[in-house]
Amino acid sequence: MRVLVIGSGAREHALLLALRRDPEVEGLSVAPGNAGTAGIADQYDVDITSGEAVAKLAQRIAADLVVIGPEVPLVLGVADAVRSVGIPCFGPTKDAARIEGSKSFAKDVMTAAGVRTARSEVVDNPAHLDAALDRFGPPGGDPAWVVKDDGLAAGKGVVVTADRATARAHAASLLDAGHPVLLESFLDGPEVSLFCVVDGETVVPLLPAQDFKRVGDNDTGPNTGGMGAYAPLPWLPDDVVTRIVDDVVKPVAAELVARGSSFSGLLYTGLAITPQGPAVIEFNCRFGDPETQCVLALLETPLGQLLYAAAIGDLADEPPLQWRDGAAVTVVLAAENYPGRPRVGDAITGSEVDGVLHAGTSRSDDGAIMSSGGRVLSVVGTGADLPAAREAAYQLIKSIRLPGSHFRSDIGLAAAEGRIAL
Ligand code: AMP
Ligand code: GLY
C-alpha cells in the first residue's frame, strides 16, 4: 500500500513513523513535510488547502490511501476532492469537519445528541457584549470567563481568565476583526483527549492522553497549540473511557449520520472530567498535536491497515487494537517568543536522532537543520511507566540545541506524582 500523508507537523512525522512500521505499507509520501520527514518519505510541495492539487498529486503518485493531518484542508473539503477521484481517504468530508470548524455546529450536534458540554452563547454584536459577559464568569458562580473565537484558531483563540477586563478585551478584539465570539461556562476538572477512529456509527477508541495547552510550567501563560502530552492516563479508570465512548462519541457519531454528515476519520474529543462526570470542551476532526506523538508511540496494531479499513468502510471488521505496555511522553521544543511571533532561522543541533519528531524545521542549502516555525520539535520518550517515560523524554531534549528555545519541564509530572485525582 502506498500512503500519502498531508501536513508538515510533528503529528505527521509520527503518523509516517507509525505507518512505516506497518508491513503492508510499501511506499510513503508526504506533502509538504519538513526536514525530519524528508528522510522517511518522498516529499512533495503542493498547496494542501487545494483539493484539486492534493487529489492530482495522489493520482500522480498512485496513492492507495491519503491521510490528512491538519484541520484546515479537512474544513475546506480536501478529503471530498480525494474521494471524488476514487482514492480512499482518511479524514472527514467538509460537511462532517464542521464538528471542528464551527463551534456553533458542534454545540448544536451535542445538544441534539444529549451530550454534556459547557453552557454557551454566541455574541456577534459588540453592543451585546457586556450584558453577555454578565451572564458568565465571577461573581455569578463560574470561576472564570471562557472566551473563544467561533472558528478555527489553532487552540490560540481561547482565553480563560478570572479577570473581566482581560475577557472583555479578548472578546472585543475578536469582534473588531469580524469574528463572532463564543462565551462558555467554565468546566472544572482534569482534561482528557480521547481519539477515536470513527466510520459512521463505528467507534474505535485509542489510548486516552492529556495535553498541556499553556506555555509555562504549572499551566501559566497563554494557550498554545500544545506544549506536551502523555499517554495513557494512570488516574483515569477504564470504565470512564467506556463511558465517554458510549455517552459522548457514539451519540455524536450517530447524530452526524442522522444529519447526513456521517463522519469518517479521526474524531478527537477534548473533555474535562468534572465532579458531575465527563463534559466536552471541544471536538476536533483530526489527530491532535502533540498527543498523537505519544499515543502512536504505543500502538502495535499496524496503522496503515487500520486507517485504510476506516477509509473504505471496513472499520467494524477490524480486530481489537493492540498496545505496548508502559507509557509515552511528548515534550515540545518551541522557538523563542512562541506562542507569539516565533524567532525563526536558527540552526538546530541534536535533532536527527530516534525519538525526535520534526515540526517547524527546514534544511538550509548547506544541509543544516533550521528552525522555521513556533513549535519546532517534539521529543518522545517511552518507558515502563510514566516516570520512566518522562525521564527518557527529558534526557533526549537535553541533547538538542536551539538558541532561545523553551519547553515545559512538568509534562506528565502531576500524574507521575499521583497528584491527579477524580
Ligand atoms: P479549545 O481550543 O476549545 O480546546 O480550548 C483550549 C483550552 O482552553 C482547552 O484545552 C482548555 O484548557 C481551555 N478551555 C476551553 N474551554 C473551556 C471551558 N469551557 N472550561 C474550562 N476550560 C476551557
Ligand atoms: N492538542 C490540541 C490539538 O491538537 O488541537
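The first residue of the sequence shown is numbered 1, and numbering continues consecutively from there. One-based numbering, in listed order, for ligands and for the atoms of each.
Taking 4.5 Å as the limit, some side-chain heavy atom of Ile348 sits within range of a side-chain heavy atom of Thr361. Taking 4.5 Å as the limit, some side-chain heavy atom of Val215 sits within range of a side-chain heavy atom of His406. Using a 4.5 Å heavy-atom cutoff, the side chains of Lys398 and Leu396 are not in contact. Residues Val146 and Leu183 have side chains not in contact (no heavy-atom distance under 4.5 Å, counting atoms from C-beta outward).
Remark: the Ser185 side chain and the Asp142 side chain contain no N/O donor-acceptor pair separated by less than 3.5 Å.
Geometrically, ligand 2 and Asp289 share a nitrogen or oxygen pair separated by less than 3.5 Å. Looking at ligand 1, you won't find any N or O of Val160 less than 3.5 Å from one of its N or O atoms.
In Asn223, the part holding a heavy atom less than 4.0 Å from any atom of ligand 1 is the side chain. Within the 4.0 Å heavy-atom criterion, the part of Ser185 lying near ligand 1 is the backbone and not the side chain. Both the backbone and the side chain of Leu187 come within 4.0 Å of ligand 1, counting heavy atoms alone. Neither the backbone nor the side chain of Arg214 comes within contact range of ligand 1; no heavy atom lies under 4.0 Å.
Residue Gly288 has at least one heavy-atom neighbour below 4.0 Å for each of these atoms of ligand 2: 4 (O). Counting atoms of ligand 2 from 1 in the listed order, those under 4.0 Å from a heavy atom of Asn284 are 5 (O). Close contacts of ligand 2 with Asp211, meaning ligand atoms under 4.0 Å from a residue heavy atom, involve 1 (N), 2 (C). Residue Lys103 has at least one heavy-atom neighbour below 4.0 Å for each of these atoms of ligand 1: 3 (O). Interface of Phe186 with ligand 1, defined as ligand atoms under 4.0 Å from a residue heavy atom, comprises 20 (N), 21 (C). Every atom of ligand 1 with a heavy atom of Glu282 under 4.0 Å away is listed here by number and element: 1 (P), 2 (O), 3 (O), 4 (O). Within ligand 2, counting atoms from 1 as listed, the ones closer than 4.0 Å to a heavy atom of Lys213 are 2 (C).
Residue pairs meeting the ring pair (Phe, Tyr, Trp, His ring centres under 6.0 Å) criterion with at least one member in residues 101-133, sequence neighbours excluded, do not occur.
Within the structure, the closest approach of Phe287 to ligand 2 does not fall below 4.0 Å when heavy atoms are considered.
Side-chain atoms of Arg2 do not come within 3.5 Å of backbone N or O of Val25 as any donor-acceptor pair.
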Audit row: Asp80, Thr93, side chain to side chain donor-acceptor pair (under 3.5 Å) steps and yes/no: CA-CA 5 Å; Asp80 308 64; Thr93 61; 4.6 Å; no
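Annotation: salt bridge (Lys or Arg N to Asp or Glu O under 4.0 Å) contacts of Arg168 (sequence neighbours excluded): Asp130.
Nearest to atom 10 (O) of ligand 1 by heavy-atom distance, out of Glu100, Glu184, Lys213, is Lys213. Between atom 5 (O) of ligand 2 and the options Glu71, Met227, Arg286, the minimum heavy-atom separation is to Arg286. Nearest residue to atom 17 (C) of ligand 1 from Asp149, Val146, Val159 is Val146 (criterion: closest heavy atom).
Comment: Arg363 engages Glu352 in a salt bridge, judged by a side-chain N to carboxylate O separation of less than 4.0 angstrom.
By the 30° and 60° cut-offs, the orientation of the rings of Phe212 relative to Tyr230 is tilted.
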